[in-house]
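First up is the structure itself, then whatever we jot down about it.
Count residues from 1 along the sequence.
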Amino acid sequence: MIRNIYLPILFLCFSAIVCEARTIRVLAIGNSFSEDAIEQNLYELAAASGDTAVIGNLCIGGCELQKHAYNAIHDAPAYRYRKIDTDGHMTQTDRMTIKAALSDDAWDIVTLQQASHYSGIPDSYTPWLKMLADYVRENTTNDPVIGFHQTWAYASTASHWAFVYYKNSQTEMYNKICEATQQAMDEAGISLVIPTGTAIQNCRATSLGDNLNRDGYHLDLKIGRYIAACTWYCALFNKNIIDNSYCPDSVDSQDASIARLAAKAAVGSPWKADVIIPSF
């Protein structure tokens with residue numbers, strides 16, 4: 001009985017730690033899919049919970065891991081670099097190198113990703129993902145966590161030239177992405193995954209349906225991008241996304257609730273999109 005009186009105090013202390021405001025600095029080495037995921041909504045989601053997200057995105061459209069690795073080794077000034085600072089202000093620098101971006105801030109997390117067309121092909125990751133991960137480790141001084149951005153399968157009606165690799169099947173593509181990503185992360189020594197692909201797939205099983213892409217592969221500018229940002233926030237900050245108050249004006253509040261539920265489910269189960277999300 002005496003011991004039990006301390007439980008409320010311990011709970012309050014734990015809650016204070018979990019809810020403490022945080023600043024996380026994340027750099028994505030990616031392409032248009034990282035642009036879809038983090039250049040909008042992520043900063044606002046963090047701010048709504050009292051947190052701050054400093055966001056960097058190194059982008060080349062359609063860039064594959066092999067090309068990223070080549071650019072790193074040769075210090076190629078090939079990237080458009082956008083950065084969102086602590087005040088939410090975005091700046092852009094053209095002809096940026098990976099090395100220069102890595103030294104531009106004390107990044108807590110650096111994420112890597114494969115181009116969508118090769119995302120479900122295991123051989124396309126080797127040895128490039130490990131080379132890039134090692135390059136990041138060797139060219140940063142604060143030992144950032146290296147994460148992997150799991151991208152999404154194409155819409156079932158997509159006409160993308162690479163859809164044939166997956167028998168023009170969305171389910172086949174999603175499953176192949178999960179298999180290839182897990183294997184590649186293990187080989188590269190990466191443990192953090194941002195499961196955007198699973199969050200999108202979760203939403204496709206709800207009233208949102210298979211209407212989350214603007215061209216069959218890039219995300220819809222409204223709800224699709226919001227789903228992705230919710231997933232990133234949940235994965236990076238490890239906080240409850242369900243009650244987050246931020247919802248862009250362009251997104252219906254019920255759709256936003258589905259997006260947040262899907263993101264939470266994906267972070268909890270990143271490799272299996274069979275979680276039932278209620279449709280409102």
Side-chain angles (χ1 to χ4, degrees), residues 22-44 46-47 51-116 118-119 124-151 184-185 188-194 196 218 225 228-229 232-233 235-237:
R22 302 174 63 193
T23 297
I24 290 182
R25 300 170 184 272
V26 57
L27 172 67
I29 301 174
N31 50 40
S32 59
F33 275 40
S34 56
E35 178 183 1
D36 270 352
I38 64 172
E39 289 191 7
Q40 49 286 306
N41 300 317
L42 178 55
Y43 177 89
E44 291 81 1
D51 298 311
T52 302
V54 176
I55 303 162
N57 186 34
L58 281 169
C59 179
I60 299 175
C63 195
E64 302 155 3
L65 280 169
Q66 182 174 358
K67 183 65 173 179
H68 285 309
Y70 176 91
N71 289 341
I73 293 168
H74 296 278
D75 204 26
Y79 292 85
R80 185 198 68 207
Y81 174 57
R82 287 180 177 165
K83 185 178 183 182
I84 301 173
D85 63 20
T86 54
D87 296 321
H89 178 65
M90 177 186 283
T91 56
Q92 179 172 318
T93 304
D94 296 324
R95 296 187 57 78
M96 192 68 154
T97 67
I98 293 176
K99 182 179 288 187
L102 288 173
S103 63
D104 184 53
D105 213 318
W107 304 110
D108 299 299
I109 299 168
V110 177
T111 66
L112 309 173
Q113 69 185 65
Q114 180 56 291
S116 65
Y118 291 154
S119 57
S124 72
Y125 290 84
T126 307
W128 318 114
L129 182 61
K130 186 176 187 305
M131 285 176 62
L132 269 175
D134 289 344
Y135 182 88
V136 171
R137 296 180 182 111
E138 292 165 4
N139 287 277
T140 49
T141 58
N142 61 315
D143 193 26
V145 173
I146 299 176
F148 190 84
H149 181 205
Q150 175 213 61
T151 54
M185 287 177 60
I190 298 172
S191 58
L192 173 65
V193 62
I194 297 92
T196 310
H218 290 106
R225 284 184 164 183
W232 277 74
Y233 176 73
L236 299 183
F237 284 86

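Checked by atom type, the side-chain pair Gln114/Ser124 shows a donor-acceptor distance below 3.5 Å. No hydrogens or angles considered: nothing links the side chains of Tyr233 and Asn41 as a donor-acceptor pair under 3.5 Å. Counted by atom type alone, Asn57 and Glu35 present zero donor-acceptor pairs between their side chains at under 3.5 Å. Side chain to side chain, Ser32 and His218 meet the donor-acceptor criterion of an N or O pair below 3.5 Å.
Put simply, the side chain of Leu112 reaches to within 4.5 Å of the side chain of Leu129, judged on heavy atoms. Taking 4.5 Å as the limit, some side-chain heavy atom of Leu42 sits within range of a side-chain heavy atom of Ile55.
Within the 3.5 Å criterion, the main-chain N or O of Gly61 finds no donor-acceptor partner in the side chain of Asn31. Here the side chain of Tyr125 pairs no donor or acceptor atom with the backbone of Lys130 at under 3.5 angstrom. Looking at Asp94, its side chain never comes within 3.5 Å of a backbone N or O of Arg80 through a donor-acceptor pair. Formation of a donor-acceptor pair under 3.5 Å by the Tyr118 side chain with backbone atoms of Leu65 is not found in this model.
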Next item on the list: Show your reasoning for whether side chain to side chain donor-acceptor pair (under 3.5 Å) applies to His149 and Thr196.
Entry: CA-CA 7 Å; His149 181 205; Thr196 310; 3.0 Å; yes
Item checked: Trace of the side chain to side chain contact (heavy atoms under 4.5 Å, CB included) decision for Leu58 with Ile98 -> CA-CA 7 Å; Leu58 281 169; Ile98 293 176; 4.1 Å; yes
Note to self: Set out, in order, the CA-CA distance, both residues' side-chain angles and the distance that settles side chain to side chain contact (heavy atoms under 4.5 Å, CB included) for Leu236 and Ile109, then state yes or no.
What the structure shows: CA-CA 8 Å; Leu236 299 183; Ile109 299 168; 3.5 Å; yes
Item checked: Derivation and outcome, side chain to side chain contact (heavy atoms under 4.5 Å, CB included), residues Ile60 and Asn71 -> CA-CA 11 Å; Ile60 299 175; Asn71 289 341; 3.5 Å; yes
Check: Going through the checks in order, is the side chain to side chain contact (heavy atoms under 4.5 Å, CB included) test met by Asp51 and Thr23?
Finding: CA-CA 6 Å; Asp51 298 311; Thr23 297; over 6 Å; no
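Not a single salt bridge (charged side-chain N to carboxylate O under 4.0 Å, His left out) links Glu44 to another residue, sequence neighbours left out. For Gln40, the side chain to side chain contact (heavy atoms under 4.5 Å, CB included) partners at least two apart in sequence or on another chain are Arg225. Considering only residues two or more places apart in sequence or on other chains, Tyr135 meets the ring pair (Phe, Tyr, Trp, His ring centres under 6.0 Å) condition with none of them. Remark: Arg137 pairs with Asp134 by the salt bridge (charged side-chain N to carboxylate O under 4.0 Å, His left out) rule, at least two apart or across chains.
The CG atom of Leu102 sits 5.5 Å away from the CD1 atom of Ile29 when rounded to the nearest 0.5 Å.
Summarising the local packing, CG of Asn142 is surrounded by more than 12 heavy atoms from other residues, nucleotides or ligands at distances under 6.0 Å.
Among pairs with a residue in residues 99-110, those fulfilling salt bridge (Lys or Arg N to Asp or Glu O under 4.0 Å) read Arg25-Asp105, Lys83-Asp104, Lys83-Asp105, at least two apart in sequence or across chains. Listed by first then second residue, pairs satisfying ring-ring contact (aromatic ring centres under 6.0 Å, His included) with a partner in residues 79-102 read His68-Tyr79, not counting sequence neighbours.
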